[in-house]
Each structure stands twice: as structure tokens, then as C-alpha cells.
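Keep in mind that what you see is a predicted model, and the values were worked out from it rather than measured. Residue numbers start at 1 and run along the sequence shown.
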Amino acid sequence: MSSEGNLDHQDFVPLDFYDDKDIKTVLLPDSAKTLPECAFTGCSSLVSVTGGHLEVIGYSAFYGTALENAEFPYAKKIGYNAFGSCCNLRTLKLPLAEELGNDLLYRGGNGTLSITLPVTLQIPQKPEPINGEDPAHAFRGINTETVTLTLSGNPENSPADKKWQGYTWKEILSSE
């Protein structure tokens, strides 16, 4: 890795950055397709990750980072808690996501957070509370009523009531 945080590895990003408090930016090679679990967990100074053609983002890959904007245009499978405790996150774009793990943003960005997901993504319905506890689901730990959701693609029947697949959102926008 260079001092700018550039990685030069084929196909996947190695796990040796776990809890690295000094890394601030990462430029992934275009050959990177898989980001393994916990790859940048605890990298509390990491604010920017660009490049790569990630298709798989592993479990807790960015847990506890300082990411502000995360755009992964090729990502299809996003693991459990991938962006958990990313309190600075303001934009999360996953326009080709096919599978979201539970607790995607648990204890992460709220308020000014904007999430982009494909309109075709099927998310399991939020389960009913068990003994007053909110069980794990894709959006547990974030207040969807304060978060803007953008649905990529061109839905035939765009949600008009700020609801999408059982979740209420502050605002739902559609993009092509």
C-alpha cells in the first residue's frame, strides 16, 4: 500500500488493514471484486474508498470507519453490518444490490443520510418486535423516517406514500 492508501492487489482486498487508525483514503484496483469480511473494521480515520469493481462487500467490511460517501456501482451482495457504526456516512449508493445483509447500517448514519438501492431489490419484511426488542433486519438501527431513499431503475409504479417494502422513509425518489 502506498502512503496515499492505494492498494495494488488482484481480485480481493487483504484483511491486513483491520483496526488501522492511520489509513485515511483507499484507492482500489479495478480488478478488486471482493472485499472480505472485516477488511477495514476499526479504521476510524478512513473517510474515502474509491475505485474497484466490487461485487461483494463482506460482513462488517467498513464497520466503525469514518466514511462519508460510499458508492459501489457494481456491488451485488452486501454482507451483514457492512456499514455498521459509520456515523459520518451521508451517502450510500448500491444501485445494483441483489442481497443486503441484516443491520446494514446499524448504529450508522442517520439524519442527512441518502441511500440508493435498486427498485427491484427484495428486502425481507421487518419482523415484529420480540419481547419489546427490535430483531435484526436490513435497516435495524437507523430511522428510515429521517433518511432519503432513492430507487434506481425506472419503476412502473413508483411509491407515492413514502413506503417501500414495508418501511416508511422520509422521502422516496426515483432515478433512471
For Lys77 and Gly58, indicate whether the former's side chain and the latter's backbone hold a donor-acceptor pair under 3.5 Å.
-> no
Exam field: side chain His53 to backbone Lys33, donor-acceptor pair closer than 3.5 Å = no
How long is the span from the OG atom in Ser152 to the CG atom in Leu173, to the nearest 0.5 Å?
-> 12.0 Å
What's the verdict on side chain to side chain contact (heavy atoms under 4.5 Å, CB included) for Phe40 and Val26, showing C-alpha distance, side-chain angles and the deciding distance?
-> CA-CA 10 Å; Phe40 296 105; Val26 173; 3.9 Å; yes
Point-to-point distance, once rounded to the nearest 0.5 Å, from CD1 of Ile115 to CD1 of Ile172 | 11.0 Å
Determine the minimum heavy-atom distance between Ser114 and Thr150, stating which atoms define it.
-> OG-OG1, 4.3 Å
How close do Pro118 and Ala97 get, heavy atom to heavy atom, and via which atoms?
-> CG-O, 3.1 Å
Test item: Leu92 and Leu104 side chains (from C-beta on) under 4.5 Å apart, heavy atoms | yes
Checking Gln165 side chain against Leu121 main chain: does a donor-acceptor pair fall under 3.5 Å?
-> yes
What about Val56 and Leu117, same hydrophobic cluster or not, with Ile/Leu/Val/Met/Phe/Trp/Tyr joined at side-chain heavy-atom distances under 4.5 Å?
-> no
Shared hydrophobic cluster for Leu113 and Phe139 (ILVMFWY, side-chain gaps under 4.5 Å) = yes
Counting only N and O atoms by type, is there a donor-acceptor contact under 3.5 Å from the side chain of Ser45 to the main-chain atoms of Ile23?
-> no
Test ring-ring contact (aromatic ring centres under 6.0 Å, His included), reference Phe62, set Tyr18, Phe17, Phe72, output is Phe72
salt_bridge(Lys21, Asp19) N-O dist < 4.0 Å = yes
From Asp20 CG over to Thr65 OG1, what is the distance, rounded to the nearest 0.5 angstrom?
-> 12.5 Å
Tell me, which pairs form a ring-ring contact (aromatic ring centres under 6.0 Å, His included) where one or both residues lie in residues 117-136, sequence neighbours left out?
-> none
Rounded distance [0.5 Å steps], OG in Ser60 versus CZ in Phe83 = 11.0 Å
Same apolar cluster (I L V M F W Y, side chains within < 4.5 Å links), Leu149/Ile123 = yes
Which atom names give the shortest non-hydrogen contact between Ala136 and Pro127, and what distance separates them?
-> O-CG, 3.9 Å
Could you note down all residue pairs passing salt bridge (Lys or Arg N to Asp or Glu O under 4.0 Å) where residues 134-148 supplies at least one of them, sequence neighbours left out?
-> Asp103-Arg140
Identify the heavy atoms of Pro135 and His137 that sit nearest to each other, and give their distance.
-> O-CD2, 3.0 Å
Looking at NZ of Lys162 and NZ of Lys170, how far apart are the two atoms once the value is rounded to the nearest 0.5 Å?
-> 9.0 Å
Point-to-point distance, once rounded to the nearest 0.5 Å, from CD1 of Ile57 to CG of Leu100 | 10.0 Å
Say whether Tyr63 and Leu94 are linked into one hydrophobic cluster, either directly or through other cluster members, by side-chain heavy-atom distances under 4.5 angstrom.
-> no
Over all atoms of both residues, closest heavy-atom pair of Ala61 and Pro36 = CB-O, 4.1 Å
Other than Tyr59, which residues form its hydrophobic cluster under the rule that side-chain heavy atoms must be closer than 4.5 Å?
-> Tyr80
Tell me, with the steps shown, if Asn69 and Arg90 meet side chain to side chain contact (heavy atoms under 4.5 Å, CB included).
-> CA-CA 6 Å; Asn69 299 299; Arg90 298 294 167 245; 4.3 Å; yes
Hey, mind stepping through Val49 and Leu35 against side chain to side chain contact (heavy atoms under 4.5 Å, CB included) and telling me if it holds?
-> CA-CA 12 Å; Val49 175; Leu35 187 65; over 6 Å; no
Are Val119 and Trp169 linked, directly or through other ILVMFWY residues, by side chains that come within less than 4.5 angstrom of each other?
-> yes
Would you check if there is a donor-acceptor pair between the side chains of Arg107 and Ser85 at a distance under 3.5 Å?
-> no
